[in-house]
Structures are given as C-alpha cells and as structure tokens.
Amino acid sequence: MTRSWASTLKLPRSTFPARVSAADRAKYLQRCTDELYDWQRRARPANDNNRTFVLHDGPPYANGSLHVGHALNKITKDIVNRTQLSRGNRVHYVPGWDCHGLPIELKALQSQKDLNNEGGRTPGSAAVIRKAARALAEKTVQEQMKGFRDWGIMADWEGHWKTLDKGFEMKQLGIFREMVDKGLIYRRFKPVYWSPSTRTALAEAELEYKDDHVSTAAIIRFPLVKLPEDLANNPSIDTSTLSAVIWTTTPWTLPANAAIAISESLDYIIVQSATHGQLLIAKSRLEYLQELLKEELTVVVPTIPGFTLCHQATYRPLFQRPGVEEQPLIAADFVSADSGSGLVHCAPGHGMDDYEVCLQNGIEVFAPVNDEGRFTAKAMPSDPGMLSGKHVLEDGNAAVLEYVDSVNQLLNSHKYQHKYPYDWRSKRPVIIRATEQWFADVADIREAAVASLEDVQFIPPSGKQRLVNFVKNRTEWCISRQRAWGVPIPALYDIATGEAVLTKESVSHIMSVIETRGVDAWWTDSPDDSAWIPTSLQNTACSYRRGTDTMDVWFDSGTSWTQVENAVAENGRPADVYLEGTDQHRGWFQSGLLTYVAHQLAAGNSAIKAPFKYLITHGFTLDHLSQKMSKSIGNVLDPDAIMNGTLLPPLKQKKIKGAKKDAQPRGPVYDALGPDALRLWAASSDYTRDVVIGPQVLQTVHTSLQKFRVTFRLLLGALDDFNPAANLCPYESLRKIDHQALVQLGELVNTCRHASDNFEFHKAVTALNRWVNLDFSSFYMETVKDRLYTEAEDSLNRRAAQTTLFHIYNFLQELLAPITPLLVEESWDHAPDAIKSHMEHPLRRTASRPPAEWVDEVLGQHFPDLMAANTAIKALQEEARSKKLMGSSLQSFVHIELPDNESLSVFERYSSELPDLFVVSSVTVNLKPQRPESITGAEWNYSADFELPSSQGTASVHVYAPQDAKCVRCWRYAVPEPRAHEEDPLCERCHDVMGGLSHDA
C-alpha cells in the first residue's frame, strides 16, 4: 500500500484568513474604536491609580473633503493615544471642529446666489448667511467624522465639540470677558493686513507668502522745501531743483504719504542729474541709482550726516491735502543702507513700521482706500475723479504713476519680483490698510507666554524657537473680522459719536442675553431692541447699536482648551499633547498659548503654564515626486480610495495618454488596502519632516502589512493546540535557539517602547519590519519548523518552541496594537480559546516588559560566531543549488573546523541544536585540520573560510552531500545506510514518535 505520513505531522492549522472580508473589517473597526474607547473610560476611571492622558484636538476646518494630510494628522494622534492606553493610562480624546470663518461664509454666500437669494450684506442678510453657513458646517462635520472613524480613530465621537456650539461660544466669550477686564482688549485705528478679495482684516496666521509676486516699483523725487541752515547756505546746492529721492514697490500708497524716513546713522549726499536736477540720496546707494537711471550722477555735496536732516528738512507733498503744505524728514530704525535710495516713503495708513514711527512723531494716519481695495475721493481732493473707484493693485496703481509722471516727479519705474502676502483663503494679494479694529494686547503677556514654554517638550526640538520667535515678534493681535459667520465681538457703539463700549459689565450683560436668546439673535433682533443694552447705559442720553464685527477664528480655536480644562491632565495643564502641522506655530499653537496665558493672568495665577506639556508638529504631505499636492495638477490622493480601492490589481494605476513617464497620473487607483495600511503609512513616516506618499510608498506599506498578517497566521497556526495553562514551559526548559529568539524579541520590545515613548513611531516600525523579516521569518521560524511539525505533540522540544511562539504572539500584538489595531483585533478573534482565557485582550492590556531572565549575556557573546558560520553555510548551499546538486537545505551535511579549543567549546556547547540552527541534516565540529573522511568521499562538497567575530580567528566550513538516506516523514537525511532500502524508511526520531509503528494512508 502507498503510505502517507503527512497526517502524522503537526502542521499548522488556523481559521485566520489570508484576507479580511469587508463585513469582518467593519466588525473589527467597531470593536477597536468606539467599544474600546467606552471600555477604557469605564474600566479606567480617573483616580490615583489611573492617570488621564489628554490629547487636545487641534480642530480641523469644517470645509471640504478629507485628504491625506488629515490622515497623517489624525492617525498620528490616534497612535499617540493608543500608546498611552497600552501604558495603562486612561485616554481623554474628544474631537473638535473649527466651524466659523471666511471659507464657510463664502460657500454660504455662493449657495444663496445659486438659490437666487440676496448674497450681499444688506440688512437682514447676515441671518441668512449664518443659517446657510451653519447648515454647511454641520453637514461637513458629519462627513468628516465618518471619514475619521473609518480610519480606526478611537475617540469620544458622541461628545465632540464644535466652535459653533452654544456652550463653546459661551466659554469663548467668557475668556474674552476676562481679557477685557484685564485691559488686554482695545480698539484702534491702525494699519492691518486687509484682504480686498474677501473684504476683511486678516491676522499674520491667515497669510501665505508668494515668492514670485511682481510689483511695479518706482523711483520718485519729492522737491525739498526747507533745509538745515548750513545746507541752505551752501552755494553748491540749487534749492530750486533739489529733491529727496525714494524707492517704493507700492506706488498706490503715495496718496497717503505723510513723511520721508531717513537713518540718523547713515551718510547722505547730494548729486547732480542732467535730467532731474539735484537729488538727495544715501551715499551707499549712488551706484544703484546710477544703474537704474542709466546716468552718471555728479556728487555735489559729498557727506551729509543723517542726523542733521531729521526734523530739519521738509518737502512738498506729491498729493496735496487741505492744510498740508510741507511734510517732514524723520528718523527711523528700519531705513537700510542696502536697499532703495536710503530714504523711505512713509504712509502710516498703509504700513506697520510707518504707523509706529509716525505715531511717535505725532503724524496723522490717513488711508483713502475702501473695503474693496479701491481709492476713495479723498485720495486726490484736487481731482477726486482721477483715482476714485480704481483698484489700488490694478488700474489705481497705474493711475498714480501716470499722475506722478505728469508732474515730472517720476524718475524710473520697473518690474520687481519679491515676496508678498496673499490671503490664504482667496489666494489673492492683500494690502495694508488702516481701519478701526479690535486688538488683543500681546505685548503685556508675551513675556509670560515665552517663559511658560521652558518646561514644554517640543518635537522636533526646533519647534520651540519657531514658536518663541512668533510670540516675541508680536505686539498685538487683530481679533476683529468684518464678516457675519462667527462669534460677535460684544461691543456697543454710540450712534452719535461712534465711540465703542466694551467693559466687563457690558460683556456680561450681552452674554446673559445670548444665553437666553442664542447668538444668532445678535443679528436677528431689532436694532432698537433695548434688551442688549445694560441698565447703566439705558439711563443715559446716548443711543447705542450692536457691532457687526466677529472674532478672528484663531480666537475661536485658540480658546478650545476650555473643552478639556477639567479633564485632569498632568501638572494642572488642560492637555498633555498638542499635535498639528508645523504651520500652526503661527496659528493655533500661538493663539491657544496666548489665550491660556491671558486666562491665568486674569485669574491672578503666579505660576504660568502653557496649555500643553508636549508640543508635536508634523510636516506636509507630498506626492511621490516630493511635490506639494494640488487638485489642479491631479496628484492629490484620496484616503478613501487608498483604503477601499477598486478591482484593479494592487497599486496599478490608470494610464493617461500622452502623460510623461515620471508624471503622476490623474486619479490614481489602488486596490483596497484597508485602514491599517493607511495607519501603517502614517506610523512608518518620519512626520517631523514633509511626508511622501505615492504608489511605491504604498506598495512598501502593503508588503509590510501583509508580512505582519502572514506572521500572525503562522503564529496562530503553530499555537492551535497550545494551552498556556498546561503547556507553558519555564525559561530554563527552553532550548538555546529559543533563548536567542527571546533575546531578539526583548530587544525589539525595548526598542519599540523607547521609540514610541519618544513619539518616534517610524523607528518602531523600522525595528518591527527588520525583526519580522530577519529575526522571525529568516531565523527562528526556519529553525523551529522541524520541531513543531515532526516532534511528538507533547514533547518538551515542541512545547518549548510553542512557548517561545506564544511569547512572540503576545508581544507582537502589544507592539502592533497602536499601529494596526484592526489586524490585532482580528488576530485575537481567531486565537484559540485556551489562549484567550489565559490572556487579557491585547488592545486592553497594559503592555508588559520582557522578563529580566531573557537577557543572556553568554549567548549574546556566542551567537555572532554561530551566525557567521550560518552565513557561510548559506552561501555554499546556494552555490550547490546553482549547480542543481541540492534542493532543500536538509539535503546537505555540514562540518566546521575551528582554530582553537575555545571556539571549539562554543560550538560544542550548542552541538545538539546546530542542525536546527543551520536547517541541515547533520553538523559535526572539530579542530583544524581534522575532518571526516566522508567529506572526501561525498558526491559533492564545497568549503570556505569565515571569520569568528568574537576572536577574529578564521574557521572553515564544509557543506557536502549527505551520507544517509532521506526520512520519508521529516525529510531529514538521517536514515542509516543499512535501513535506507526499506519501503518507508524512518529516522530514529520519527520511529520513536510513531511508536515503532508504520502509518497507513
């Protein structure tokens, strides 16, 4: 009869599938997110035994679809939270959304226009806009929430907050009231960044700087009227033609010119121009002016100290205003010897520095430009029609230069490419324009804010100086916006004088009305409704109106720490971690810091803290060519497409006719990779830099995820009949190979724990990938397959291997739990009941540390020598395979010759395990030059020298044809020649396992 021995082998069996079904994925997703978060909230209540870890969500903007940048952000946060959960902590993570502001309002306006409704800001339109904006934001929040949950994000989704929630708005107004009472909020007519395209003031954080903006620059001369006495009496100077020369990239600001700034420390000269008369310029700028004017300028007066001109010289205004005949030359620190003419045109209504220096000199602020960025009639009172209505960045700029040329004061105009601020929403250039705005005083709190960062840990460390610089360089924060969709600045205005009323009492009263009527009532109630006016103001002769300005959205999100201040984070801070993109140093990180510091100062706290203990920043996501992602060039990747994919082969992309070979095709299409692949990509990325994602990256991630899956399948198959309660072997009963596997596992665990505790998840993933591919697959599984499959079921050798694999299974689950929770959940679902009853669920388990006994220093010293021999053996086997002399590595014998007794004793110590270690049928060792005679008589043999790392000595290895016959059960060549001709020859070990009985198929 034909006999089969396969059924006698303990081959691995497991229900763990090669691929997870969509139905199972949904089940596992629910278990490892919502159910897990609810469990930890119940099982780990906030008390002395359970520290609450708080990650405060930097709210995404509720406008538009999710992209891979969101995925990097949210998944990294989730890995942080799950790592803390695995450390035994209770996690508090309540997601939030930023819902107010311009982009949503613009969409709301467009929707009203599409419905043929009034889209402008006419009486009553604010209520319409707010209703549409609220509906849009609420809808987007639900859509984004579903996307986040599909990525396996564990959070209190039901308790999420939104900046449009009444409770949030009331807390925000409460912080605003504290700052009012502390004197940190004030109103001032001064220049701010103004967006003509969206007709509102902007903060620095709402700007994008475009490096290739092109302006029309101009060199203008201003005829001097008055000079210091020594210059006025200098016979070389022709006062009738003498002019001060300025260079400007914003000619449109010339109608608002109020002074010319010079440097007291610079030397100036007067030069003669054949075309333009005598000109006053900085001595250092002579060559530059000659090049631009294309004219040799003759020096008339070689040196004039700048300080002698300050307030001693005046000039005739270019654009005459009533009552202004002359304007002064003043001193300013911002005048440079390296740019322009060394004299700077100052328009305090259109420049931050200009405003400050003119304010110090008592010069009035003037800004003849309206909300749309168009000149008003006041720009040119002598001929209002010349400029009125023209856009300052377009035809208005050209009209100004045309006029300057007509009065013979334009020396030169040219195109100039430079860095320029743009509105980050409309992508259109902004201007600087003086308007009445509300400001928060940063100067009074920035010292405390900077000091509070001293005990904050920044990741990466460079983030600290970046945030400190932003705070130090800021004196005030423009918090008012001229929009309808937002939290109102609760100010009242005297109708007759326009004077604003903003006090703790008035804000408190308005908050009480909002509490009753809701914030929309601020816009919808009748303008004459006296309920909004505090009693103290109702008894006066003045009439008041409600303001229409809303708060900067950064003030909204900046006060979001109020949502977690009672969550009991460590050290009395609202949160342990703030984690966002690096652009938030000038945005949310800064606004959150400033409002929290202001809150503490208002409360009289002496020990000022930042609202976070760790401040973590990540870079931007780039395509596979390291280019910024953009819908216009078609290189944007949809996270859902990556997860859910199509029926196409893995990571195959549609070909675009005519597309360049290295170009990213539009609309890349992927096979369904699932949320764990998206998570593994985020975890494996060094997020402190810009992060690349594309087909090749995703293919690598997919391969790694499959390797983890195969590893779990191998482990579960090998542990199918293992009961830890009965079969777990003590450490001393394990074989040396098992000990080495546990050494490697312990090193992996310690490496991953250290990396994760330092938020360096990519280092943990790198270590995991290396361990899975080398230490586990290539080394340990290869060495123990024979024991697992061929030894008797309850033999010590087999149970020792299973014990080791049981430890590997448990620790691998713990290490992967924060990164690929669905895979871990699935692996637990398919685990044998005996294992489940012995261990706590891996996602709920407090991760353990490797036992101290796993550290084997002696084995650590010996193992490099053994692996050096293994490497040499594998190379010789490959040579034999290339000649088709052998197939399986078991079809070879090995003999090792060692150089001295010390190295011989090392190999003899492990002699019984060397066949398993090298996966061969026989291993012998001896001193050089002794070798078995069987080598010379072998059908084939190969030999090589190798170096012993421990001693630098040289050993030799021989790989040769086996001398015994193949065992039909275990396939080892271990059947002695006398029995080789039996019908089904078994080796001695297999004979003992089978009890000396043959096995019929």
Side-chain angles (χ1 to χ4, degrees), residues 735-741 743-744 747 770-771 773-786 856-964 966 971-974:
R735 299 181 66 179
K736 292 300 181 182
I737 290 176
D738 302 327
H739 286 179
Q740 177 59 26
V743 167
Q744 293 170 336
E747 290 173 349
R770 182 194 174 283
W771 176 86
N773 286 296
L774 298 179
D775 296 343
F776 179 75
S777 296
S778 297
F779 166 62
Y780 190 64
M781 277 306 296
E782 285 298 310
T783 66
V784 299
K785 281 179 182 178
D786 182 72
D856 190 330
E857 294 182 359
V858 174
L859 184 59
Q861 293 171 2
H862 295 166
F863 200 73
D865 286 354
L866 301 178
M867 294 313 293
N870 187 56
T871 300
I873 292 167
K874 294 294 184 283
L876 294 177
Q877 288 175 334
E878 284 304 310
E879 189 173 351
R881 282 195 187 95
S882 69
K883 303 290 178 57
K884 302 187 183 304
L885 298 176
M886 60 169 279
S888 165
S889 62
L890 291 175
Q891 196 176 350
S892 61
F893 278 12
V894 168
H895 177 69
I896 301 172
E897 297 178 14
L898 297 154
D900 51 54
N901 285 319
E902 185 176 351
S903 56
L904 177 63
S905 65
V906 169
F907 277 76
E908 286 181 335
R909 178 176 180 174
Y910 304 100
S911 59
S912 64
E913 298 188 42
L914 291 181
D916 283 344
L917 179 63
F918 301 144
V919 195
V920 296
S921 289
S922 172
V923 178
T924 55
V925 296
N926 218 326
L927 284 173
K928 285 185 176 184
Q930 304 173 33
R931 66 189 62 170
E933 293 182 2
S934 57
I935 294 179
T936 56
E939 183 179 342
W940 56 265
N941 75 83
Y942 293 92
S943 63
D945 292 338
F946 66 95
E947 188 177 274
L948 298 169
S950 64
S951 63
Q952 305 300 309
T954 300
S956 300
V957 61
H958 301 267
V959 176
Y960 58 102
Q963 306 301 300
D964 294 334
K966 180 180 178 181
W971 294 6
R972 281 181 180 262
Y973 287 76

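Position 1 is the first residue of the sequence, and the numbers go up from there. Excluded from the calculations below are hydrogen atoms, water molecules and symmetry mates; all remaining heavy atoms, backbone and side chain alike, are included.
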Indicate yes or no: at least one non-hydrogen side-chain atom of [X] is less than 4.5 angstrom from one of [Y].
| X | Y | answer |
| --- | --- | --- |
| E747 | W771 | no |
| L927 | E897 | no |
| Y960 | L876 | no |
| F918 | V959 | no |
| D775 | R770 | yes |
| V858 | R909 | yes |
| R881 | L885 | no |
| V906 | L948 | no |

To check you understand the geometry: which heavy-atom pair defines the closest contact between [X] and [Y], and what is its length?
| X | Y | answer |
| --- | --- | --- |
| F946 | V957 | CE2-CB, 4.0 Å |
| Q891 | G887 | OE1-N, 3.1 Å |
| S889 | S892 | O-OG, 2.7 Å |
| A961 | Q963 | O-NE2, 2.8 Å |
| F779 | F863 | CZ-CZ, 3.4 Å |
| S921 | L890 | OG-O, 2.5 Å |

Report the distance from atom [atom1] of [X] to atom [atom2] of [Y], rounding to the nearest 0.5 Å.
| X | Y | atom1 | atom2 | value |
| --- | --- | --- | --- | --- |
| I935 | F893 | CD1 | CZ | 11.0 Å |
| E908 | N901 | CD | CG | 8.5 Å |
| Q930 | L904 | CD | CG | 9.0 Å |
| S951 | D900 | OG | CG | 6.0 Å |
| R931 | S956 | CZ | OG | 7.0 Å |
| E782 | F776 | CD | CZ | 10.5 Å |

Inset, instruction - Count the heavy atoms belonging to other residues, nucleotides or ligands that lie under 6.0 Å from CD of E857, then report whether that count exceeds 12. - result: no
Inset, instruction - Decide if atom CD of E902 counts as having more than 12 heavy atoms of other residues, nucleotides or ligands within a radius under 6.0 Å. - result: no
Legend entry - Inter- and intrachain pairs under salt bridge (charged side-chain N to carboxylate O under 4.0 Å, His left out), touching residues 915-926, at least two apart: R735-D916, D916-R972
Legend entry - Cation-pi check, K966 onto W971 ring (under 6.0 Å, within 45° of axis): yes
Inset, instruction - Give me the one residue out of T783, L859, L917 that meets side-chain contact (heavy atoms from CB on, under 4.5 Å) with Q740. - result: L859
Inset, instruction - Using only heavy-atom distances, determine whether the side chains of H862 and Y910 contain a donor-acceptor pair under 3.5 Å. - result: yes
Legend entry - Pair S950, D865: side-chain N/O donor-acceptor within cut-off below 3.5 Å: yes
Inset, instruction - Check for a donor-acceptor pair, side chain of K928 on one end and backbone N or O of T954 on the other, with a separation under 3.5 Å. - result: yes
Inset, instruction - May I ask you to decide if L774's main-chain N or O and S777's side chain share a donor-acceptor pair within less than 3.5 Å? - result: no
Inset, instruction - Just do the side-chain contact (heavy atoms from CB on, under 4.5 Å) check on V920 and L914 with the steps written out, would you? - result: CA-CA 8 Å; V920 296; L914 291 181; over 6 Å; no
Legend entry - Ring center gap for H958 and Y942 short of 6.0 angstrom: no
